[in-house]
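Everything below concerns the one structure shown next.
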There are 2 protein chains.
Amino acid sequence: MTNENKLTLAGLAKLASVSTSTASRALNDNPLIKKETRERLQALAKEHNFSLNRAASRLRTKKTNVIAVILNLTDSTDQSISDPFLLKVVGDLNQVLNKNGYELLLSNSLMASEDWANYFISSSRADGIIVIGQGKSTSNIEQVAASGAPLVVWGDPNASSSYAVVGSNNELGSYLAAKHLIEGQCKNILFLGDPEHAEMNERHKGYRRALIEHNLNTSSELTLSCDITSKAAYDTISSVILDKGLFFDGIVATSDMVALGALKALKERYIGIPNDVSIVGFDDIAMAELFHPSLTTIKQNTKLASQVMVEQLIKQLEGQKATSVVIDVELITRRSSRSN
Amino acid sequence: MTNENKLTLAGLAKLASVSTSTASRALNDNPLIKKETRERLQALAKEHNFSLNRAASRLRTKKTNVIAVILNLTDSTDQSISDPFLLKVVGDLNQVLNKNGYELLLSNSLMASEDWANYFISSSRADGIIVIGQGKSTSNIEQVAASGAPLVVWGDPNASSSYAVVGSNNELGSYLAAKHLIEGQCKNILFLGDPEHAEMNERHKGYRRALIEHNLNTSSELTLSCDITSKAAYDTISSVILDKGLFFDGIVATSDMVALGALKALKERYIGIPNDVSIVGFDDIAMAELFHPSLTTIKQNTKLASQVMVEQLIKQLEGQKATSVVIDVELITRRSSRSN
DNA sequence: TTGAAAGCGATACCAC
DNA sequence: GTGGTATCGCTTTCAA
């Protein structure tokens, strides 16, 4: 197999005694070619383990059928790249892209050059870009948008932006979370997360809306800013309890990882969950129900979201305009919060 | 930016009043070209947002600088693709590949055609293949190996195989796990996992070795076969307790997800961990220490493993022969098992 | 140190 | 329905 020269389309055509044009069309299942001929060539290709050279066809057609997916990590290398939620999205995107005939080129913001449009699109490495996460700064993303490259971002769809953003209804999600805690008789509800981050800021708004609606304390000492990792959440909760004691009876966390970090800190102090403190997470990662108590959370529908992202991207690839789309969230009630 | 025709190397060369040859060499930082000229052209390229067309250069050089990473899922679509351990490996590989100038094309066995070598290599989509997981059948992998394509597999490195396998010392891992339980006075130790799966089978061997060394019961009813998901583990443990009561006091699980599923089933029945039953997992996923009790486990060094996999792959890309490599494992003692 | 030109392997326009 | 051929944009040998 490695001794002779690799078979090319021209070679295959010769074997079949047709022209390369015909061979090309046949392998691409072009209906211009007689069905019989098509099938004959496809069989021959299979027999000889022949595959069209993508580099060549990409050069000629100026289409790669590749989508670059960029994990837009905030800063801390290790923590966020292993966030199960982000990786779940990558997995789902992979499925959907493949189903639509695209391949997934994986990157992350720590690696790729600064100028994404240039690096991926102009260089014809990919036809379009999906960015997962807006992070704290969106300048990279705006640059891509300005270049006119097909682009979809997973993030906060309510932010007015020059590009299509697909994301959960974050405000509503945390509103539902807070409301659920209030209905469970929580009076002093903490918000745990990083309000500087676009999506998290929306979640903070929803949390405040619920509290205000129910005339609860929204004092700023109830908003605890911390990184979106379980470690940071654990540390934050641990130290705040040490400082001020247990001055809260509910937590609205900005992610499941954050919720789980908080949960651990509380349990270590023998604080009862959900009776002393109720907790609601955000994401509904696979592990949420494995914990004890299982985690009440706001489910983000990553499967649907991936579908929508790919749809919106394909629209742009076809020259249409894409729009931002809000994905519904859902409260999943489990045992880390009091029901009713 | 979209109005005029896209700039090509020839165009850039004209702008700089040099030949395309010179321009090409300059942008590739070829020392043949005077340093001054090189810098001038690189600056010009940046100024005009110019990037070399990869499709063209790949066609010409017959090198893509892309590595296909294939998640070799067993069967169940949803469960395994979200296994945090596998995705962690993908993330780590991404980092290492990028550092070495390669890009990562993500695929999974459910999607890609049957004939991986053909699909990825002959078609010049990628220069090499990394397969994550041997699954139950290795015929796909062997086909790639037979084709002579650069290939590295994450799996059981002890299996004699025609290709390079990088993987943890699975046998030793579960041996350590079982030994640790025995030292904690466990007498009836369950093995929970799927011994048909290559790596899991090694783990089963290690488990048995430890038991035999200590004259413990190795009867087959102590080996519980179940899928490598937390759900399956939960169901398996639940039903076995229902059937036979609590006839064991230790569990060697084949993965953290499995361990956590078992943990949940036991806690729901108010079985004390680690006093009634001690548990050891395998992997050391990020969440292992968040659980209550935190999970004792066998750590797989994915970072090192990724480095080694890429190294071995690059060797092959350079025409050298690669070898299988065993990665050390480490017992991480936490609270789900009795110490000492 | 630089330039001219051939050619990588497909596709698609135009002819028949 | 099928075939001839120019062409996509770059790299690299050979010549200067």
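Worth knowing before you read on, the calculation uses all heavy atoms, side chains too, and leaves out hydrogens, waters and symmetry mates. A note on names: the letters A, B, ... follow the listed sequences, proteins ahead of strands, and every chain is numbered from 1.
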Looking for any heavy atom pair under 4.0 Å, which part of the strands does [X] touch: base, sugar-phosphate only, or nothing?
{"X": "A/Ser124", "answer": "nothing"}
{"X": "B/Leu9", "answer": "base"}
{"X": "B/Ser24", "answer": "base"}

Checking contacts here: which listed nucleotide ([options]) is nearest the side-chain heavy atoms of [X]?
{"X": "B/Arg25", "options": "C/dG9, C/dG3, C/dT11", "value": "C/dG3"}
{"X": "B/Phe50", "options": "C/dG9, C/dT11, D/dC10", "value": "D/dC10"}
{"X": "A/Ile33", "options": "D/dT2, C/dT2, D/dT11", "value": "D/dT2"}
{"X": "B/Leu52", "options": "D/dT11, C/dG3, C/dA10", "value": "D/dT11"}
{"X": "B/Thr37", "options": "C/dT2, C/dG9, D/dG3", "value": "C/dT2"}

Does a sphere of radius 6.0 Å around [atom1] in [X] hold more than 12 heavy atoms from other residues, nucleotides or ligands, not counting ones at 6.0 Å or beyond?
{"X": "A/Lys14", "atom1": "NZ", "result": "no"}
{"X": "B/Glu36", "atom1": "CD", "result": "no"}
{"X": "A/Lys46", "atom1": "NZ", "result": "no"}

So, does [X] get its side chain near the phosphate of [N], meaning an N or O under 4.0 Å from OP1 or OP2?
{"X": "A/Lys62", "N": "D/dG9", "result": "yes"}
{"X": "B/Thr8", "N": "D/dG9", "result": "no"}
{"X": "A/Asn53", "N": "C/dC8", "result": "no"}
{"X": "B/Lys63", "N": "C/dC8", "result": "no"}
{"X": "A/Ser57", "N": "C/dA10", "result": "no"}

- Item | Between A/Asp29 and A/Gln42, a side-chain donor and acceptor under 3.5 Å |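 The answer is yes; a qualifying pair exists.
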Tell me which of B/Leu59 and A/Thr22 sits closer to the 5' end of DNA chain D, going by the nucleotide each one is nearest to.
->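 Looking at DNA chain D, the more 5' nearest nucleotide goes with A/Thr22.
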- Task: Answer yes or no: side-chain N or O of B/Arg54 and base N or O of D/dT11 forming a donor-acceptor pair under 3.5 Å.
- Result: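 It does not, because no donor-acceptor pair links the side chain of B/Arg54 to the base of D/dT11 below 3.5 Å.
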Got a donor-acceptor pair under 3.5 Å from the side chain of A/Ser21 to the base of C/dA12?
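Result: at least one qualifying N/O pair found.
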- Mapping A/Ser51 and B/Arg60 onto DNA chain C by nearest heavy atom, which one lands closer to the 5' end?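 It is B/Arg60 whose nearest nucleotide is closer to the 5' end.
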Distance-only, no hydrogens or angles: does the B/Arg58 side chain make a donor-acceptor pair with backbone N or O of A/Ala55 under 3.5 Å?
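Here the side-chain-to-backbone pair does not exist.
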When you compare the side chain of B/Tyr163 with that of B/Glu142, does any pair of heavy atoms fall below 4.5 Å?
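Yes. Closest side-chain heavy atoms under 4.5 Å.
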Take the protein atom [atom1] of [X] and the nucleotide atom [atom2] of [N], then report the distance between them rounded to whole Å.
{"X": "B/Lys14", "N": "C/dG3", "atom1": "NZ", "atom2": "P", "value": "13 Å"}
{"X": "B/Lys6", "N": "D/dC8", "atom1": "NZ", "atom2": "C1'", "value": "13 Å"}
{"X": "A/Asn30", "N": "C/dA10", "atom1": "CG", "atom2": "C1'", "value": "14 Å"}
{"X": "A/Leu32", "N": "C/dC16", "atom1": "CG", "atom2": "C1'", "value": "14 Å"}

